[in-house]
Amino acid sequence: MDALLATKLFIPPPPPDVVARPRIDAALDRVVRHRLTLLAAPAGGGKTTARSAWRATSTGAAVPLAWVSLDADDNDPVRFWSYVATALEALHAG
């Protein structure tokens with residue numbers, strides 16, 4: 001298996017001209033009490049932008065967050081779970 005790319009394990013910063021989305025931020029604020037949240041939408045739907053903008057808020061910055069950016073090459077179970085395990089290990093060693 002190829003080495004994992006560290007850049008896939010960090011949430012990108014929000015763009016400087018990001019549009020404020022208070023309803024999305026409020027929805028993300030509500031789900032932080034759950035153990036796992038999956039944000040799903042079609043490609044280009046703004047998932048990454050919404051999460052990175054929320055992460056820049058005081059509430060978002062205080063929440064433990066594991067991030068994995070995926071692409072077609074990650075459509076292998078071993079590779080996928082290696083990324084997930086590595087992201088989670090960064091939050092809770094062991």
Side-chain angles (χ1 to χ4, degrees):
M1 182 175 80
D2 295 333
L4 301 181
L5 297 173
T7 56
K8 293 179 139 206
L9 300 171
F10 297 97
I11 189 167
D17 58 346
V18 68
V19 175
R21 296 181 177 146
R23 287 185 4 185
I24 292 174
D25 288 347
L28 291 170
D29 286 347
R30 288 191 300 274
V31 300
V32 297
R33 63 181 153 246
H34 301 288
R35 294 182 133 201
L36 175 69
T37 300
L38 173 66
L39 184 59
K47 299 175 296 293
T48 299
T49 299
R51 282 300 281 207
S52 64
W54 176 78
R55 184 70 172 166
T57 69
S58 59
T59 302
V63 175
L65 176 71
W67 180 272
V68 179
S69 295
L70 300 172
D71 56 42
D73 292 336
D74 302 319
N75 195 22
D76 170 70
V78 173
R79 187 173 182 84
F80 171 80
W81 287 112
S82 294
Y83 272 113
V84 171
T86 302
L88 293 173
E89 179 75 15
L91 290 179
H92 299 288

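Residue numbers run from 1 in the order of the sequence given.
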Please table the atom pairs, donor to acceptor, closer than 3.5 Å between any side-chain atom in residues 31-47 and protein atoms at least two apart or in another chain.
residue : atom : partner : partner atom : Å
R33     : NE   : R30     : O            : 3.4
K47     : NZ   : A41     : O            : 3.0
K47     : NZ   : P42     : O            : 3.0

Minimal non-hydrogen separation, L28 against A50, with atom names = CD1-O, 4.0 Å

Side-chain heavy atoms of D25 within contact of P22, under 4.5 Å = no

Rounded to the nearest 0.5 Å, how far does OG1 of T86 lie from NZ of K8?
-> 12.0 Å

Just grab all the side-chain hydrogen bond (donor to acceptor under 3.5 Å, both in side chains) pairs involving residues 53-69, residues at least two apart or on different chains.
-> D29-W54, W67-S69

Nearest 0.5 Å, what's the CZ-CG distance between R51 and L65?
-> 5.5 Å

Any link between I11 and L70 through a network of hydrophobic side chains (Ile, Leu, Val, Met, Phe, Trp, Tyr) touching at under 4.5 Å?
-> no

Are V68 and L5 linked, directly or through other ILVMFWY residues, by side chains that come within less than 4.5 angstrom of each other?
-> yes

Does atom CZ of F80 have more than 12 heavy-atom neighbours from other groups under 6.0 Å away?
-> yes

Gap separating the OH atom of Y83 from the CG atom of L4, nearest 0.5 angstrom = 4.5 Å

Euclidean distance, D73 CG relative to N75 CG, rounded to 0.5 Å | 9.5 Å

Where do P12 and T48 come nearest, in terms of heavy atoms and distance?
-> CG-CG2, 3.5 Å

Smallest separation among heavy atoms of P14 and S52, with atom names = CA-OG, 3.5 Å

